[in-house]
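Computation of the quantities below employed the complete heavy-atom set of this structure, encompassing side-chain atoms and omitting hydrogens, waters and symmetry-equivalent molecules.
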Amino acid sequence: MEAPLTPLEFARRTRRLHGTREAVVDGDLRLTYDQFFDRCDRWSAALHGLGVQPGDRVATIAPNTHAQLESFYAVPQLGAVLVPVNHRLTPEDFVYILNHSGATVVCATAEYLAALDGVRDQLPDVRHFVAFEGPADGWVDYEAEVAAAGPDFPRPEIDERDLLTINYTSGTTARPKGVMMTHRNAAMNTIGTLLHLPIGVGERYLWTLPMFHANGWTYTWTVTAAGGTHVCLRKVEPAAVFRLIRRC
């Protein structure tokens, strides 16, 4: 039997073996793997309810938060494609990347809502704007959707050659360029990372690297594969880094 190589398999394994272990720390929020993957399933169900189908592009504009991390599981297990956008770019760059990628859903944290509201008329293909943090006029409330949704949704068969993410360069020499990553790409990168930089079960990974940057060098899935704990860091500030090292 041939099983497709996909980082979703790492999630299923860790959920089965380490469900009660701490998965995510984000400020005062602490989630076990059972709780984390339940939220991912509910967001998948909510996205399906919004009409997201296999192959659709779902973009995120967010720093390293639990909602951003959840997208790396909830979107691909629907067969959809995640587009994690560099949140440090300009609204004009957002417009180009969202249109170029074909995004139909855009999710953003609070500090980017106004910028996106200002360019909505330039995003004709975006059907839904999702606010990761709290209600906002004209935005789908992420936490409300997750709370209201059930954990069940249609799970398509995933081929390892299916598109998983589109990661954009910053356009240093021209327009940003989209790099298309497959499920197999991500699975092999995760395995290679664990071989070269092993993580032990229960060890903790502090997110100083942006998750949008090459999918956090695949650590969005690598930490999970090892049964480690993702410690989210919204902004790299020395005081916050040392505080989290002491606390976590």
Side-chain angles (χ1 to χ4, degrees), residues 24 26-29 31 35-151 153 165-168 176 178 207 210-212 215 220 232-235:
V24 179
D26 188 359
D28 293 331
L29 177 69
L31 300 170
Q35 294 168 330
F36 174 69
F37 287 127
D38 179 68
R39 286 178 56 86
C40 294
D41 288 347
R42 290 174 183 274
W43 182 226
S44 295
L47 285 170
H48 179 72
L50 292 174
V52 174
Q53 299 294 317
D56 285 353
R57 275 64 163 157
V58 177
T60 61
I61 302 175
N64 295 345
T65 67
H66 70 277
Q68 173 80 323
L69 182 63
E70 286 159 5
S71 300
F72 283 87
Y73 297 89
V75 173
Q77 69 182 2
L78 267 181
V81 181
L82 181 65
V83 184
V85 180
N86 181 348
H87 59 81
R88 298 166 180 163
L89 299 178
T90 67
E92 290 74 21
D93 290 322
F94 294 161
V95 169
Y96 177 79
I97 291 172
L98 296 175
N99 287 333
H100 186 265
S101 67
T104 58
V105 177
V106 178
C107 311
T109 46
E111 56 266 59
Y112 306 106
L113 303 190
L116 287 166
D117 278 336
V119 295
R120 280 200 188 208
D121 61 344
Q122 301 176 54
L123 302 170
D125 295 328
V126 177
R127 299 194 300 265
H128 301 287
F129 292 81
V130 178
F132 271 152
E133 299 164 330
D137 289 342
W139 290 78
V140 176
D141 186 333
Y142 177 78
E143 290 296 341
E145 291 289 318
V146 169
F153 59 92
T165 64
I166 305 176
N167 302 93
Y168 279 81
W207 271 104
M211 292 181 191
F212 71 75
N215 306 313
T220 49
C232 296
L233 180 63
R234 193 179 191 103
K235 185 177 181 181

Check your understanding: Would D41 and S44 count as having a side-chain donor-acceptor pair, cut-off 3.5 Å?
Key ->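 On atom types as modelled, these side chains do not qualify, holding no pair under 3.5 Å.
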Mind checking whether [X] and [Y] have side chains closer than 4.5 Å, heavy atoms only?
{"X": "F36", "Y": "E70", "answer": "yes"}
{"X": "L116", "Y": "L98", "answer": "yes"}
{"X": "W43", "Y": "V130", "answer": "yes"}
{"X": "D56", "Y": "R127", "answer": "yes"}
{"X": "F94", "Y": "V119", "answer": "no"}
{"X": "M211", "Y": "C232", "answer": "yes"}
{"X": "N86", "Y": "P210", "answer": "no"}

Check your understanding: Between T60 and S71, what is the shortest heavy-atom contact and its length?
Key ->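 Closest approach of T60 to S71, heavy atoms only: CG2-OG, 3.6 Å.
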Practice item. Give the minimum heavy-atom separation between V126 and A103, together with the two atoms involved. Key: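 For V126 and A103, the tightest heavy-atom pair comes out as CG2-O, 3.6 Å.
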Exercise for review: Could you pull out all residues at least two apart from W207 that satisfy side-chain hydrogen bond (donor to acceptor under 3.5 Å, both in side chains)?
Suggested key: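 H230.
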**Study point:** SB check E111 R234 (cutoff 4.0 Å)
**Key:**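 Answer for the salt bridge query: yes.
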Review point. Who passes ring pair (Phe, Tyr, Trp, His ring centres under 6.0 Å) against H100, sequence neighbours left out?
Key: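 Y96, Y168.
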Exercise for review: Would you please name every residue forming a ring pair (Phe, Tyr, Trp, His ring centres under 6.0 Å) with F37, sequence neighbours left out?
Suggested key: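 Checked F37 against ring pair (Phe, Tyr, Trp, His ring centres under 6.0 Å); matches are Y33, Y73.
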